[in-house]
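Right, one structure below, let's go through it.
Nothing here was measured: the structure is a model prediction, and the numbers come from that model. Note on naming: letters A, B, ... go to the chains in the order of the sequence lines (proteins, then strands), and numbering restarts at 1 for each one.
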Number of protein chains: 2
Amino acid sequence: MRLSTRGHYGLKAMFDLAQHFGADPIPLKIVAERQSISEHYLEQLIAALRKAGLVKGVRGSQGGYILARPPREIYVGEIVRVLEGSIAPVECVSEFKVAQCDQADFCITRTVWKKVRDSIVQVLDSISLADMCRDEERNRQGRESEQEITT
Amino acid sequence: MRLSTRGHYGLKAMFDLAQHFGADPIPLKIVAERQSISEHYLEQLIAALRKAGLVKGVRGSQGGYILARPPREIYVGEIVRVLEGSIAPVECVSEFKVAQCDQADFCITRTVWKKVRDSIVQVLDSISLADMCRDEERNRQGRESEQEITT
DNA sequence: ATAAATCCATACTGTTTTACTCGGGATTTG
DNA sequence: CAAATCCCGAGTAAAACAGTATGGATTTAT
């Protein structure tokens, strides 16, 4: 019941772009370094995200990547779907494909997986990159005030 | 974001044992046939379930497998954990192992995966085999009364 | 105009996991 | 004793994973 590194790294990278969201594009090299991901590998992942319209690439020197929409309009669910495919614990409850299992209508185990899928979707589609940035900010402040107390 | 066939088949088999739960053990051959699973492969899965104390094996002719506890006391989450390991979309939010990621405390993407994990756990740990049998029964009756109307 | 920085694209590769298969031994019942 | 069944360990082909490698296209700075 694992995500591959694609979704894992991809979200890290998108979160990085969200944290540094602004007018200027951010070179992938920087993102890869900050997030400790192989640059070449990350290139493949971001290519998928670009084709899906989640980021824009700016070529040439001083180029880089920039979110195609503001962080508040990009949800984790979108990112995961692009990089991992349909969110579904087993194939017969895929969000996209039609179920080819002949007992689909009767199969009770299937309803279990559907419930799992729906609960995952509910979580992923309710968290935006902006939400994550806000949480990060809160965490950071929490850590800093702890520092003040102990210092 | 997929389950392997281990969890998928394993739940099917356990549900089959629950549906036919009684005094007599059920040969794996029957379960495998009913659920369309390779018998040899299922043997490996049920071995794990037996070692985990979820089913009991009865050797010899007229032998088979039987649930170690009544269906109402066996939850889907247990079965999945035995066959798939800790429920966790990424390793750093495993239920068991300690996180070895050095930025664990700070990493915001990690909190996303934690939320996903918790929502999956909540679903899987709230459905018992008895719940599934009850749903199956309801479904069956629904289909039958539909038949009556249309006939 | 050229060099550097960056994105973009395709192909290749070693390792691990998956989903089995195979062969045989141990135990119980009729 | 024979049949049915559980029990156990090894082997294996194919796919997926997690990258590498190589080089071309485009833009900016000097």
Side-chain angles (χ1 to χ4, degrees), chain A residues 1-13 17 20 23-68 80 83-86 88-91, chain B residues 1-13 17 20 23-68 80 83-86 88-91:
Chain A
M1 195 59 161
R2 288 278 152 83
L3 213 64
S4 73
T5 57
R6 291 175 60 87
H8 191 179
Y9 292 174
L11 180 58
K12 279 190 166 194
L17 291 181
H20 303 89
D24 295 332
I26 301 155
L28 205 59
K29 194 182 173 185
I30 305 294
V31 176
E33 270 168 20
R34 274 199 292 241
Q35 302 298 327
S36 316
I37 302 171
S38 146
E39 187 188 345
H40 269 303
Y41 188 40
L42 189 52
E43 236 172 12
Q44 292 179 30
L45 308 185
I46 202 114
L49 293 165
R50 183 174 48 78
K51 281 166 193 160
L54 293 182
V55 297
K56 279 187 284 200
V58 180
R59 286 179 158 207
S61 185
Q62 311 299 107
Y65 288 94
I66 189 166
L67 297 181
V80 171
L83 293 170
E84 300 272 339
S86 165
V90 300
E91 209 188 5
Chain B
M1 195 61 161
R2 287 279 153 81
L3 212 67
S4 74
T5 57
R6 290 174 61 87
H8 191 179
Y9 292 175
L11 179 59
K12 277 189 167 195
L17 291 181
H20 303 89
D24 295 331
I26 301 157
L28 205 58
K29 195 182 173 186
I30 305 293
V31 176
E33 269 168 20
R34 275 200 291 242
Q35 303 297 327
S36 315
I37 303 171
S38 146
E39 187 187 345
H40 267 302
Y41 187 40
L42 189 53
E43 232 170 16
Q44 291 179 27
L45 308 186
I46 203 115
L49 293 165
R50 182 174 48 78
K51 280 166 192 159
L54 293 182
V55 297
K56 280 185 281 199
V58 180
R59 286 178 158 207
S61 186
Q62 311 299 106
Y65 287 95
I66 189 165
L67 297 180
V80 172
L83 294 171
E84 302 270 338
S86 164
V90 300
E91 209 188 6

Between [X] and [N], is there a side-chain N or O to OP1/OP2 distance below 4.0 Å?
{"X": "Ser61(B)", "N": "dA2(D)", "value": "no"}
{"X": "Tyr65(B)", "N": "dC7(D)", "value": "yes"}
{"X": "Arg2(A)", "N": "dA16(D)", "value": "no"}
{"X": "Arg50(B)", "N": "dC7(D)", "value": "yes"}

What's the closest nucleotide to the [X] side chain, out of [options]?
{"X": "Gln44(B)", "options": "dA25(D), dT20(D), dA10(D)", "answer": "dA10(D)"}
{"X": "His40(A)", "options": "dC6(D), dA25(D), dT22(D)", "answer": "dT22(D)"}
{"X": "Ser4(A)", "options": "dG24(D), dA18(D), dC6(D)", "answer": "dA18(D)"}

Non-hydrogen atoms of [X] and [Y] that approach each other most closely:
{"X": "Leu83(A)", "Y": "Gly10(A)", "answer": "CD1-CA, 3.5 Å"}
{"X": "Asp24(A)", "Y": "Ile66(A)", "answer": "O-CD1, 4.2 Å"}
{"X": "Met1(A)", "Y": "Glu84(B)", "answer": "N-OE1, 3.4 Å"}
{"X": "Tyr65(A)", "Y": "Leu17(A)", "answer": "O-CD2, 3.8 Å"}

Would you kindly say whether Ser38(A) and Tyr9(A) are connected by a side-chain donor-acceptor distance under 3.5 Å?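 There is no such pair (donor and acceptor under 3.5 Å, judged by atom type) between the side chains of Ser38(A) and Tyr9(A).
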For residues His8(A) and Arg2(A), is any side-chain donor paired with an opposing acceptor at under 3.5 Å?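 The answer is no; no qualifying pair exists.
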Regarding Leu28(B), tell me which of base, sugar-phosphate or nothing describes its non-hydrogen contacts under 4.0 Å with the strands shown.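 It contacts sugar-phosphate atoms only.
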If you pin Gly60(A) and Leu3(A) to their nearest nucleotides in DNA chain D, which one's is more 5'?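 Nearer the 5' end of the strand: Leu3(A).
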I want to confirm an ordering. Mapping Ser38(A) and Gln62(A) to their closest nucleotides on DNA chain D, which one lands closer to the 5' end?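 The residue mapped nearer the 5' terminus is Ser38(A).
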First-last contacting nucleotides on DNA chain C - partner chain B, under 4.0 angstrom, heavy atom: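 Using the under 4.0 Å cut-off, the span is dA19(C) to dT29(C).
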Integer-rounded Å distance: dC6(D) C1' and Lys29(B) NZ: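 Going from NZ in Lys29(B) over to C1' in dC6(D) covers 14 Å.
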Between atom CZ in Arg59(A) and atom P in dA25(D), what is the gap in whole Å?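 Interatomic distance, CZ of Arg59(A) to P of dA25(D): 9 Å.
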Arg50(A) versus Lys56(A): any side-chain heavy-atom pair under 4.5 Å?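 Not in contact.
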Earlier contact from the 5' end, DNA chain C, for Glu43(B) and Arg6(B):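 In this pair, the answer is Arg6(B).
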